[in-house]
Enquirer: 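One structure is given below, represented as structure tokens, and several questions about it will come after.
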Amino acid sequence: MREGAAPGRIDTVAALRDAAITTLLAFGLFLPLIGFQTVVNIRNELVLDTRWPLLFGIVAAVGVTRLAYSFLFVPWLERFKERPMAVTPPVWLGLIRDWFTPFAIGFVIVYPVIVIATSGWGGALKWVDNFGIQILIYVMLGWGLNIVVGLAGLLDLGYVAFYAVGAYSYALLAKEFGFSFWILLPLAGVMSSFWGILLGFPVLRLRGDYLAIVTLAFGEIIRIVLINWVDLTNGYAGISGIPRPSFFGLPFDASDEGFAATFGLEFSPIYRTIFLYYLILALAFLTAFVTVRLRRLPVGRAWEALREDEIACRSLGINTTNTKLTAFAIGAMFAGFAGSFFAARQGFISPESFTFLESATILAIVVLGGMGSQIGVAVAAVVMIGGTEIMRELEFLKYIFGPSFDPTQYRMLLFGFAMVTIMVLRPRGLVSTRTPSVFLKERKAIPADMVKEGHG
Amino acid sequence: MTPKSGNQSSDEVMHRHGMGAAGDVLLRVEHLTMRFGGLVAVDDLSFEARQGEITALIGPNGAGKTTVFNCITGFYKPSEGRMGLCHGDAAIWSELNALTESGKRGIRKDGNGLYLLERMPDYLVTQDARVARTFQNIRLFPGMTVLENLLVAQHNSLMLASGYTLFGIFGLPSYRRAERASIDRARDWLDRVGLIHRADDPAGDLPYGDQRRLEIARAMCTDPVLLCLDEPAAGLNPRESAQLNELLLGIGNDHGISILLIEHDMSVVMEISDHVIVLDYGVKISDGAPDAVRNDPKVIAAYLGVADDEVEKVEAEVGL
């Protein structure tokens, strides 16, 4: 059907050939990966073992899947693409569009209450901490990176470096000087934006791939410095015993001055978790609010103009150097906030938390969500991070694949799957249209094919 | 040909900030040379553009016209030469040599200003010296609406009003007033170029001729004293071309803004310009009123070429 067959009809020969090629490829790929296994025998020697049944099983599965893809998925995709575009979108779509944001905001505010009501005080801890807080950190990071990548169009692969700067600023200053969380939060933001500007200066002249490589290197430099500057950062071992945030002076502990005792409650670790949840929620809302505001200010419009055409920006008297630096600085500032929150929540940080994989995850969230869109990025963070966390819950898989099966090992598979799905169905992300920052008569969404992705 | 100032609008023009009297020298380019490696794109070019006039820069393809534009607007740093631009009273030209000696980019004195464009980076040429430009291949922000395009052009004044973002983020009324004023200004320009009904559409959606006019409107929103247009009539049909003539004459008359124009379309050049400069291989070969230039044998030779056996005769005639 690829070679000009009429749409809707399936070319059986081509599909079979396609499946045969795929099977062959899978065999070549999996032969060394799955077909052979090294095991240590009883005399402590390494011997090569073969796993033919598993190999042929997987290769056959790949072939069958490819056939199913050609016969079922491709025709469906054709229909999906060729379906007549409704002139007026259906009513329910409009309702969802209008009510999704207020509903989502309301939901995240009452989320801890819902969780406590459904799974009790004990069970709620996991849902608020692992799902709520964890996802919100990534929502915030996604929104922060969205300023740099989505609005200003500067591809930043080292965003986690600013997250690390924020976390270490909080950890070191809180431990050394005993400053409170509320003093260190803005300070961590300032530190991170300082490093953002520092990174910004050398990379101003770079564009596209070159910019991406240098930011990637910057992220690694920060991580390697954290590992090797043992005197300051304690290297791989990380920093532990970081002071936890208190409820405006009331610590969350079992003492008489603690939060629970003051309010006459029975001590429970969940109070701190709920407090942290609302703290990161407030920080995430701050990020969203500032970003939405900035988009309507001259600086935000200049970022988007920079993404669209840098030379035209310069011809209009816009100092592109400063504009890029503010994007780096403000994006980094939010990463710094998130980082200091992360350190305060964990109580322990080490360079392990700030690997390139984190940068890639945050970037994936931004790209999947749709560059420049707030809602899309939030939804993508829920799917990606929530999906990873859900995998921990899939205990029943152990009955299928054996007790040594760890579902979290397969989260990259989830990422890959989400990426491919989005690429096929919505190449510009979940929310790909751009909302104008200002309008005369009516606000019309701008289709994705009009909007540039930026070139560095 | 061009209605000269002296009509009713000229009083208004005189009072506009930074505008000098019509006919005074606005831009003075002296010995401008631009080399790219061994190639001399512009060779020792000197010319003047006058206040309130439309000056056209013409010449065959590859004559170096766009290079001259890129030098004036700061996109290229010229190899040699001086480019002075005056705001307000022409008397300030007497400071030119002192300014050159001083090493500064420009001086401001009693509301008048003098700038050396070759010393300024591209964005300052627009921001401080107030020279706006358009591009040969249109450079709009296609994913932003028509209105947004015009607001980006007012970036510097809005940035100031938003207290470099600080007041704006808290939504202070002073910023909201400034934003409303800039939207009004954008609306005025959209009215003038006939695009008000497309204000909320993405700029990339407009037909070619509309994009050309929008780019001119956007350049005008930067509040320039000199507007540099690089082939504004390229790709326009005769009707659009006539509309463009009207628009450019209007900009000159109503706003007292001087225009420097690169154009191949002779109907535009001859009809609206007050002064024509002809370049060939980076050298100025003619300079004067449109009629004089049109009949200049050097210009005819450059444009039409001459038969081989006539080369020497023509060269002798034109004094090469």
Side-chain angles (χ1 to χ4, degrees), chain A residues 150-151 153 286 289-324 326-327 329-330 371-372 428 432-454, chain B residues 73-75 121-128 130-135 138-149 151-162 164-165 168-171 175 179 182-183 186-187 190 196-197 199-205 215 218-219 221-222 224 228:
Chain A
L151 293 184
L286 177 78
F289 173 79
V290 169
T291 312
V292 167
R293 262 284 160 82
L294 284 176
R295 265 200 76 206
R296 292 181 193 156
L297 287 176
V299 66
R301 271 188 217 117
W303 288 338
E304 292 202 79
L306 198 65
R307 178 191 68 201
E308 297 280 320
D309 194 327
E310 183 174 343
I311 289 176
C313 272
R314 296 199 330 236
S315 84
L316 297 175
I318 294 173
N319 185 340
T320 49
T321 308
N322 287 355
T323 308
K324 284 184 186 178
T326 42
I330 293 178
M371 295 198 287
R428 294 291 294 267
S432 51
T433 53
R434 177 180 172 272
T435 317
S437 62
V438 63
F439 61 97
L440 269 192
K441 290 190 192 70
E442 63 171 316
R443 198 185 288 276
K444 298 178 196 166
I446 296 174
D449 54 347
M450 211 66 82
V451 183
K452 294 258 168 67
E453 288 160 63
Chain B
T73 52
F75 279 77
D122 42 24
Y123 71 94
L124 280 184
V125 169
T126 308
Q127 192 179 331
D128 289 352
R130 293 164 63 199
V131 177
R133 74 168 291 178
T134 65
F135 294 88
I138 306 171
R139 285 185 173 274
L140 291 170
F141 306 121
M144 303 176 85
T145 66
V146 170
L147 180 65
E148 283 178 305
N149 267 272
L151 289 186
V152 171
Q154 301 177 53
H155 176 81
N156 289 315
S157 64
L158 278 174
M159 204 64 181
L160 210 63
S162 73
Y164 295 93
T165 307
I169 212 140
F170 298 109
Y175 170 68
E179 193 183 31
S182 64
I183 291 175
R187 188 186 285 147
L190 288 179
I196 191 81
H197 61 292
D200 297 324
D201 291 331
D205 241 0
E215 203 189 15
R218 188 181 67 177
C221 278
T222 62
C228 298

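A, B, ... follow the sequence lines: proteins, then strands. Residue 1 opens every chain.
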Enquirer: Any idea which of B:Val125, B:Leu124, B:Asp205 has the most non-hydrogen atom pairs under 4.5 angstrom with chain A?
Expert: B:Asp205
Enquirer: Is any side-chain heavy atom of B:Ile196 less than 4.5 Å from a side-chain heavy atom of A:Leu440?
Expert: yes
Enquirer: So, do B:Phe141 and A:Cys313 sit near enough that their side-chain heavy atoms are less than 4.5 Å apart?
Expert: yes
Enquirer: Please enumerate all residues that pass side-chain hydrogen bond (donor to acceptor under 3.5 Å, both in side chains) together with A:Arg314, with sequence neighbours excluded.
Expert: B:Asp122
Enquirer: Could you state the interatomic distance from CD1 (B:Ile138) to CG (A:Asp309), rounded to the nearest 0.5 Å?
Expert: 12.0 Å
Enquirer: B:Thr145 side chain to A:Pro436 main-chain N or O, any donor-acceptor pair under 3.5 Å?
Expert: no
Enquirer: Counting only heavy atoms closer than 4.5 Å, note whether B:Gln154 contacts chain A via side chain, backbone, both or neither.
Expert: neither
Enquirer: Could you check if a side-chain atom of B:Glu148 sits within less than 4.5 angstrom of a side-chain atom of A:Ser437, using non-hydrogen atoms only?
Expert: yes
Enquirer: Applying side-chain hydrogen bond (donor to acceptor under 3.5 Å, both in side chains), name anything that partners B:Arg187, two or more places apart in sequence or on another chain.
Expert: B:Asp184
Enquirer: Is there side-chain contact between B:Tyr123 and A:Leu316, with at least one heavy-atom pair below 4.5 Å?
Expert: no
Enquirer: Does B:Leu158 reach the side chain of A:Arg301, with side-chain heavy atoms less than 4.5 Å apart?
Expert: yes
Enquirer: Tell me if a side-chain donor or acceptor on B:Asn156 pairs with a main-chain N or O of A:Gly317 at a distance below 3.5 Å.
Expert: yes
Enquirer: What are the two closest non-hydrogen atoms of A:Phe439 and B:Leu147, and how far apart are they?
Expert: C-CD2, 3.8 Å
Enquirer: Given the options A:Thr326, A:Ile311, A:Val438, which has more heavy-atom pairs under 4.5 Å with chain B than any of the others?
Expert: A:Ile311
Enquirer: Identify which part of A:Arg296 has an atom lying under 4.5 Å from any heavy atom of chain B, answering side chain, backbone, both or neither.
Expert: backbone
Enquirer: Considering non-hydrogen atoms only, spot the tightest contact between B:Arg218 and A:Ala312 and give its length.
Expert: NH2-CB, 3.8 Å
Enquirer: Is a side-chain N or O of A:Arg434 found less than 3.5 angstrom from the main chain of B:Gly143, in a donor-acceptor match?
Expert: yes
Enquirer: Would you confirm whether A:Glu442, through its side chain, and B:Asp200, through its main-chain N or O, come within 3.5 Å as a donor-acceptor pair?
Expert: no
Enquirer: Any ion pair linking B:Asp201 and A:Lys444 (charged N to carboxylate O, less than 4.0 Å)?
Expert: yes
